[in-house]
Asker: 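Mind having a look at this structure? Questions to follow.
In what follows, every heavy atom counts, from backbone to side chain, and hydrogens, waters and symmetry copies are set aside.
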Amino acid sequence: QVQLVESGGGLVQAGGSLRLSCAASGLIFSRYAIAWFRQAPGKEREFVAAINWPGTGTYYADSVKGRFTISRELAKNTVYLQMNSLKPEDTAVYYCAAENHGSGTSRDRSYDYWGQGTQVTVSS
């Protein structure tokens with residue numbers, strides 16, 4: 001059935017960049033809003049960025065605005081998260097999530113499907 005697979009995580013020094021990918025299968029990709037969330041050890045999961053299902057709007061948490069960019073490549077059923085100027089506080093497991101006909105909400109309970117996550121570690 002539906003599967004979301006994240007990739008692109010790794011270890012990077014502060015100020016560096018990473019690009020995360022979320023590849024989807026088992027769904028009509030263009031009909032879903034896709035969001036990125038992250039969770040650090042001992043902390044609650046938090047919203048990072050989202051793109052709505054028509055692909056006409058993008059949304060960002062204040063903590064990453066101006067540094068991260070979310071984009072969609074429909075032909076490859078893939079959403080990307082370009083992360084620049086990384087900070088140690090960005091260290092977390094990053095998850096992608098999908099909501100059918102979603103608007104790009106920051107509420108994690110609205111999303112129908114989740115990936116397994118990819119680790120991002122930013123050293124000081």
Side-chain angles (χ1 to χ4, degrees):
Q1 291 293 331
V2 174
Q3 186 177 41
L4 303 177
V5 179
E6 303 94 335
S7 62
L11 175 64
V12 64
Q13 293 184 1
S17 298
L18 286 172
R19 188 180 73 162
L20 305 183
S21 299
C22 175
S25 61
L27 51 74
I28 302 175
F29 190 62
S30 62
R31 297 182 182 178
Y32 286 77
I34 305 295
W36 289 95
F37 292 82
R38 66 188 182 187
Q39 187 168 26
K43 297 183 179 180
E44 294 185 351
R45 185 168 53 205
E46 66 174 348
F47 173 79
V48 178
I51 184 166
N52 66 7
W53 74 265
T56 56
T58 57
Y59 312 91
Y60 299 93
D62 288 342
S63 60
V64 306
K65 194 172 298 182
R67 299 189 297 122
F68 292 9
T69 303
I70 188 170
S71 61
R72 181 194 294 258
E73 188 170 357
L74 290 175
K76 294 185 177 181
N77 285 1
T78 299
V79 165
Y80 304 99
L81 184 69
Q82 178 66 45
M83 306 186 295
N84 298 327
S85 301
L86 284 163
K87 305 174 181 179
E89 62 214 66
D90 295 317
T91 296
V93 177
Y94 284 70
Y95 301 89
C96 64
E99 181 188 17
N100 191 22
H101 295 97
S103 61
T105 180
S106 62
R107 297 185 176 186
D108 55 2
R109 292 185 178 182
S110 295
Y111 289 86
D112 303 301
Y113 306 104
W114 292 81
Q116 295 298 308
T118 185
Q119 177 71 49
V120 172
T121 303
V122 184
S123 62
S124 60

Asker: Give me the other members of the hydrophobic cluster that Leu11 sits in, counting Ile, Leu, Val, Met, Phe, Trp and Tyr linked by side-chain heavy atoms under 4.5 Å, directly or via other members.
Answerer: none
Asker: How long is the straight-line distance from CG of Leu4 back to CD1 of Ile34, given to the nearest 0.5 Å?
Answerer: 6.0 Å
Asker: Can you find a heavy atom in the side chain of Gln116 that is under 4.5 Å from one in the side chain of Val5?
Answerer: no
Asker: Please list all pairs passing the disulfide (SG to SG under 2.5 Å) test where one or both residues lie in residues 21-124, with sequence neighbours left out.
Answerer: Cys22-Cys96
Asker: Taking Thr56 for its side chain and Pro54 for its backbone only, find out whether a donor-acceptor pair lies under 3.5 Å.
Answerer: no
Asker: Can you name the side chain to side chain contact (heavy atoms under 4.5 Å, CB included) partners of Val120, sequence neighbours left out?
Answerer: Leu18, Leu20, Met83, Tyr94, Val122
Asker: Got a sec, which residues hit side chain to side chain contact (heavy atoms under 4.5 Å, CB included) with Lys43, two or more places apart in sequence or on another chain?
Answerer: Ala40
Asker: Going hydrophobic residue to hydrophobic residue with side-chain gaps under 4.5 angstrom, can you get from Trp36 over to Tyr113?
Answerer: yes
Asker: Return the set of residues passing salt bridge (charged side-chain N to carboxylate O under 4.0 Å, His left out) with Glu46 (not counting sequence neighbours), or none when no residue passes.
Answerer: Arg38
Asker: Which residue pairs satisfy the disulfide (SG to SG under 2.5 Å) criterion with at least one member in residues 56-89, sequence neighbours excluded?
Answerer: none
Asker: Using atom types as modelled, flag every donor-acceptor pair under 3.5 Å from a side chain in residues 67-74 to any protein atom, sequence neighbours excluded.
Answerer:
unit_1	atom_1	unit_2	atom_2	d
Arg67	NH1	Ser85	O	3.0
Arg67	NH1	Asp90	OD2	2.8
Arg67	NH2	Ser63	O	2.9
Arg67	NH2	Asp90	OD1	3.1
Arg72	NH1	Phe29	O	3.0
Arg72	NH1	Tyr32	O	3.4
Arg72	NH2	Tyr32	O	2.7
Arg72	NH2	Asn52	O	3.2
Glu73	OE1	Tyr80	OH	2.9

Asker: Can you sort out the partners of Gln119 under side-chain hydrogen bond (donor to acceptor under 3.5 Å, both in side chains), two or more places apart, ordered by chain and number?
Answerer: Thr121
Asker: Drop me the distance from Ile28's CD1 to Asn100's CG, to the nearest 0.5 angstrom.
Answerer: 8.5 Å
Asker: By the rule that ILVMFWY residues connect when side-chain heavy atoms come within less than 4.5 angstrom, directly or transitively, which residues belong alongside Phe47?
Answerer: Phe37, Tyr59, Val93, Tyr95, Tyr111, Trp114
Asker: Search all heavy atoms of Ala33 against all heavy atoms of Ser103 and return the closest pair with its distance.
Answerer: CB-N, 4.2 Å
Asker: Considering only residues two or more places apart or on different chains, which pairs with a residue in residues 3-30 satisfy side chain to side chain donor-acceptor pair (under 3.5 Å)?
Answerer: Ser17-Asn84
Asker: Got a sec, which pairs hit salt bridge (charged side-chain N to carboxylate O under 4.0 Å, His left out) with one end in residues 98-110, sequence neighbours left out?
Answerer: Arg45-Asp108
